[in-house]
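Here the structure comes first, spelled out in structure tokens, and everything after it is commentary.
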Amino acid sequence: MSIKILDDAMRDITDGFTFYEKQSEGLGNYFIDSIFSDIDSLLVYAGTHQKFFKKYYRLLSKRFPFAIYYRLVDDCIYVYAILDCRKKPAWIRKRFVP
């Protein structure tokens with residue numbers, strides 16, 4: 001099984017890095033390390049998480065208030081978004097429901 005992080009999800013990671021790096025120098029790097037560790041855990045736990053928006057699984061990050069939304073297609077895990085859970089639910093829904 002392989003993992004593919006889509007462009008929108010990479011932008012989400014960059015936005016999170018920028019936010020946390022402004023809070024404290026080095027915290028942005030810790031954020032990235034933590035998120036990638038969570039994503040790596042999908043190699044073991046993919047498909048065991050609750051589904052949202054009918055087709056996306058959601059993994060909650062262990063150290064930051066972020067959710068990783070992904071789908072399983074054949075033998076690949078596609079990461080679609082990595083979103084801040086502190087945002088309004090309507091904003092999060094807008095990313096998935098047209």
Side-chain angles (χ1 to χ4, degrees):
M1 187 164 287
S2 62
I3 298 174
K4 171 112 172 101
I5 302 172
L6 302 179
D7 291 341
D8 285 345
M10 287 303 295
R11 277 190 288 280
D12 294 337
I13 292 172
T14 301
D15 291 347
F17 168 83
T18 302
F19 173 80
Y20 284 111
E21 196 62 24
K22 285 180 183 176
Q23 306 307 308
S24 177
E25 187 176 332
L27 188 56
N29 288 325
Y30 182 64
F31 169 77
I32 286 177
D33 290 343
S34 296
I35 290 296
F36 279 114
S37 175
D38 293 330
I39 291 170
D40 287 343
S41 77
L42 290 174
L43 291 171
V44 175
Y45 298 110
T48 63
H49 304 96
Q50 185 177 358
K51 273 192 175 180
F52 286 80
F53 312 111
K54 297 185 181 176
K55 59 183 177 179
Y56 298 97
Y57 291 98
R58 184 183 77 177
L59 162 65
L60 297 176
S61 176
K62 300 244 184 288
R63 293 179 182 87
F64 289 89
F66 277 72
I68 299 165
Y69 292 89
Y70 68 95
R71 290 184 63 196
L72 298 172
V73 179
D74 297 326
D75 209 20
C76 190
I77 302 161
Y78 290 92
V79 178
Y80 283 83
I82 301 165
L83 303 179
D84 190 336
C85 294
R86 297 170 294 182
K87 298 260 187 183
K88 290 184 178 185
W91 181 88
I92 292 172
R93 178 179 297 280
K94 195 176 187 181
R95 286 283 300 263
F96 298 100
V97 180

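- Linking Ile, Leu, Val, Met, Phe, Trp and Tyr residues whenever their side-chain heavy atoms come within less than 4.5 Å places L43 and F36 in a single cluster.
- A ring pair (Phe, Tyr, Trp, His ring centres under 6.0 Å) with Y70 is found for one member of Y80, Y57, F52 and no other, namely Y57.
- Atoms CG and CD1, on D38 and I68 in that order, are 4.5 Å from each other to the nearest 0.5 Å.
- I35 has its side chain out of reach of D12: every pair of non-hydrogen atoms, C-beta onward, lies at least 4.5 Å apart.
- The shortest distance between side-chain heavy atoms of F17 and N29 falls below 4.5 Å.
- Residue Q23 places its CD atom among more than 12 non-hydrogen atoms of other residues, nucleotides or ligands, all under 6.0 Å distant.
- Across all non-hydrogen atoms, the minimal contact from A46 to I77 is CB-CD1, 3.7 Å.
- Contact between Y20 and P65 at its shortest, heavy atoms only, is OH-CD, 3.5 Å.
- Cluster annotation: I39 is not connected to L60 through the hydrophobic network of ILVMFWY side chains, with a link wherever side-chain heavy atoms come within less than 4.5 Å.
- The side-chain heavy atoms of L27 and F64, taken from C-beta on, include a pair separated by under 4.5 Å.
- Connection of V97 to Y78 is established within a shared hydrophobic cluster, with ILVMFWY side chains joined at heavy-atom distances below 4.5 Å, either directly or through further cluster members.
- Residues Y69 and R95 form no side-chain contact, since every pair of their non-hydrogen atoms from C-beta on lies 4.5 Å or further apart.
- Of the listed residues (K88, R86, K87), just one forms a salt bridge (Lys or Arg N to Asp or Glu O under 4.0 Å) with D84, and that residue is R86.
- Side-chain contact between H49 and L42 is present, with at least one heavy-atom pair separated by less than 4.5 Å.
- L6 and Y56 fall within a single hydrophobic cluster, where Ile, Leu, Val, Met, Phe, Trp and Tyr side chains are chained together by heavy-atom contacts under 4.5 Å.
- One hydrophobic cluster, built from ILVMFWY side chains closer than 4.5 Å, cannot hold both L59 and L83; they sit in different ones.
- Residue D15 holds its CG atom at 11.0 Å from CE of M10, rounded to the nearest 0.5 Å.
- Taken from OG in S37 to NZ in K62, the straight-line distance is 8.5 Å, to the nearest 0.5 Å.
- Here the shortest heavy-atom pairing between R71 and K55 reads CG-O, 3.3 Å.
- The closest side-chain heavy-atom distance from E21 to T18 is not below 4.5 Å.
- Residues F31 and F19 fail the side-chain proximity criterion, which asks for heavy atoms closer than 4.5 Å.
- Residue T14 holds its OG1 atom at 7.0 Å from CD1 of I32, rounded to the nearest 0.5 Å.
- Sparse packing is recorded around OH of Y45, with 12 or fewer heavy atoms of other residues, nucleotides or ligands lying under 6.0 Å away.
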